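Below, each value reflects all heavy atoms present in this structure, side chains not excepted, and no hydrogens, waters or symmetry copies. When a ligand or atom number is given, it counts from 1 through the structure's own listing order. Everything numeric here is computed off the predicted structure, so don't read it as measured data.
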Amino acid sequence: MEYKSVRGMEDMLPRDAWIWQDIEAAARREFESSGYSEIRTPVLEDTSVFVRGIGETTDIVTKEMFTFPDRKERSLTMRPEGTAPIIRAYIEHALLRVASISRLYYIGPMFRAERPQKGRLRQFFQIGAEVIGSNSPFADIEIIAQINNLMKLFRLKGFKIKLNTLGCVTDKARFAQNLKDYLSDKDQRLCDDCRSRMEKNVLRVLDCKNNGCKDIVRGAPDVLESLCAGCEGHFEKVKNNLTALGIKFEETKNLVRGLDYYTGTVFEITHPSLGGQDAIGAGGRYDNLVKDMGGADVGAVGYALGIERMIIALKDEGRRPEPGNTIYIATIGDAAKLEGIKIAQGIRDGIRQENIAVLTDIGEASLKSQLRSADKSEAKIVIMIGEDELRQGKVTIKYMSGKVPQIMVPVSSIMVEVRKALC
Ligand code: HAM
């Protein structure tokens with residue numbers, strides 16, 4: 001039997017892991033320096049967390065969840081997203097008592113049984129943040145400014161922030177009714193999916209990719225006409241202050257989200273490299289979720305970025321790994337190997353510089369083939385230890401660039417040479 005990874009669940013190989021690590025490290029730094037604390041919830045939750053949280057009629061809940069019974073026939077689901085579990089944990093551990101505003105972040109795998117294609121996986125990773133306990137438009141602004149800053153730290157350029165509002169629950173219901181009225185005599189021209197959306201979640205008709213539906217939607221009522229004064233004022237403040245901060249966004253009236261919990265501000269971050277699946281991240285306000293899941297009546301806003309999609313976008317913009325600093329220790333004989341291990345550790349302890357790797361040879365290969373391995377690992381210098389060197393308490397240093405002749409130095413001077421070679 002030929003073993004393969006499960007459909008839609010991909011291996012992250014070393015050739016891509018470096019970019020992943022860059023993204024994760026930059027995100028953690030940004031979160032921690034903004035006072036966000038990490039939260040880790042389990043991969044499995046009671047299915048009801050998602051049915052209640054995301055919404056019974058959403059695509060995720062009706063067809064994309066990995067759900068199965070446990071040994072006692074309780075229904076469990078592999079989390080398709082992070083927000084509902086975080087709200088479950090926020091309520092379960094009474095985090096409102098710890099602080100009136102919780103600023104949380106998370107990095108972890110999510111699971112959706114979607115049809116796999118470029119940028120659409122069945123296991124994918126999200127980096128996300130949630131601000132729970134605030135109804136202020138400045139929470140939305142903080143979150144969107146954070147995303148904008150993350151893009152800068154990731155050095156991603158061609159992204160867009162698309163912004164819209166859905167209004168509060170009453171506004172959202174009013175808008176849904178207006179939309180239904182508008183579509184009622186056009187439903188025969190809608191695609192099959194949209195005809196069923198008309199019944200279950202009419203707002204989703206607005207983001208249908210079908211050209212016929214897009215034409216119909218062009219004349220649809222504007223969500224802004226359904227907003228109450230409070231929601232209109234909130235949205236104006238978000239837009240005005242983002243502009244004042246120099247953060248570019250596109251107001252996109254047909255932007256609705258596939259999860260039911262959203263109210264008020266919603267947004268997507270898109271990048272052209274992803275084609276149909278162009279959202280590298282998305283989020284918005286969800287002011288009723290905490291209350292709906294049994295907690296206090298507090299507002300919240302957050303987002304999640306898809307790491308795999310981010311990697312596609314960064315590579316599309318030509319991101320390459322920074323050249324590493326590798327030192328290769330080539331040895332002949334067991335005694336030299338032992339000395340090589342000690343020297344390697346000494347260098348690792350002595351140099352607290354990121355991005356340095358010290359490799360020691362562990363095979364029985366000839367010096368020539370060790371030098372070939374050193375070349376493959378793009379080593380800058382090779383420290384060679386043979387019988388002569390051992391006898392004299394020295395090592396031979398070979399510069400792989402070939403520009404400087406190799407030299408023999410006492411073991412005690414290795415660090416000086418290493419620093420010279422790597423600066
Ligand atoms: P979402 O739009 O469902 O929102 O997902 C957020 C991001 O996760 C997407 O923009 C995309 O980058 C990535 N993503 C989603 N599905 C897949 C997939 N099948 N394969 C690869 N990447 C994918 C949420 O999940 C919300 N919980 C975000 C949020 C947090 N809203 C408020 N707080």
Just list the N/O pairs, ligand 1 to protein, that are under 3.5 Å apart, with the distance for each.
| unit_1 | atom_1 | unit_2 | atom_2 | d |
| --- | --- | --- | --- | --- |
| ligand 1 | 2 (O) | Arg257 | NH1 | 3.4 |
| ligand 1 | 2 (O) | Arg257 | NH2 | 2.6 |
| ligand 1 | 3 (O) | Arg112 | NH1 | 3.0 |
| ligand 1 | 3 (O) | Arg112 | NH2 | 2.8 |
| ligand 1 | 4 (O) | Arg257 | NH2 | 3.1 |
| ligand 1 | 5 (O) | Gln126 | NE2 | 3.2 |
| ligand 1 | 8 (O) | Gln126 | NE2 | 3.1 |
| ligand 1 | 10 (O) | Ala279 | O | 3.4 |
| ligand 1 | 10 (O) | Gly281 | N | 3.3 |
| ligand 1 | 12 (O) | Ala279 | O | 3.1 |
| ligand 1 | 12 (O) | Ile280 | O | 3.1 |
| ligand 1 | 12 (O) | Gly306 | N | 3.2 |
| ligand 1 | 16 (N) | Arg112 | NH1 | 3.4 |
| ligand 1 | 19 (N) | Glu114 | OE2 | 2.7 |
| ligand 1 | 19 (N) | Leu121 | O | 2.8 |
| ligand 1 | 20 (N) | Leu121 | N | 2.9 |
| ligand 1 | 22 (N) | Arg309 | NE | 3.4 |
| ligand 1 | 25 (O) | Arg112 | NH2 | 3.1 |
| ligand 1 | 25 (O) | Gln126 | NE2 | 3.1 |
| ligand 1 | 27 (N) | Glu81 | OE1 | 2.6 |
| ligand 1 | 27 (N) | Thr83 | OG1 | 2.9 |
| ligand 1 | 27 (N) | Tyr261 | OH | 3.0 |
| ligand 1 | 31 (N) | Tyr262 | OH | 2.6 |
| ligand 1 | 33 (N) | Thr83 | OG1 | 3.1 |
| ligand 1 | 33 (N) | Glu130 | OE1 | 2.8 |
| ligand 1 | 33 (N) | Glu130 | OE2 | 3.0 |
| ligand 1 | 33 (N) | Tyr303 | N | 3.2 |

Q) Quick one: side-chain hydrogen bond (donor to acceptor under 3.5 Å, both in side chains) partners of Arg174, sequence neighbours excluded? A)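 Applying side-chain hydrogen bond (donor to acceptor under 3.5 Å, both in side chains) to Arg174 gives none.
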Q | For Thr331, side-chain hydrogen bond (donor to acceptor under 3.5 Å, both in side chains) partners two or more places apart | A |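 Only Lys337 meet the side-chain hydrogen bond (donor to acceptor under 3.5 Å, both in side chains) criterion with Thr331.
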**Q.** Contacts of Trp20 that satisfy ring-ring contact (aromatic ring centres under 6.0 Å, His included) - sequence neighbours left out
**A.**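 For Trp20, the residues satisfying ring-ring contact (aromatic ring centres under 6.0 Å, His included) (neighbours in sequence not counted) are Phe125.
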Q.
Side chains of Ser5 and Glu10 only: does a donor on one sit below 3.5 Å from an acceptor on the other?
A.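 Not at all, the side chains of Ser5 and Glu10 share no donor-acceptor pair under 3.5 Å.
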Q: Ignoring hydrogens and angles, state whether a donor on the side chain of Glu81 or Tyr261 is under 3.5 Å from an acceptor on the partner side chain.
A: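 The criterion, which ignores hydrogens and geometry beyond distance, is satisfied for Tyr261 and Glu81.
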Q: Only one of Tyr303, Phe31, Tyr36 passes ring-ring contact (aromatic ring centres under 6.0 Å, His included) with Tyr105; say which it is.
A: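 Only match with Tyr105 under ring-ring contact (aromatic ring centres under 6.0 Å, His included): Phe31.
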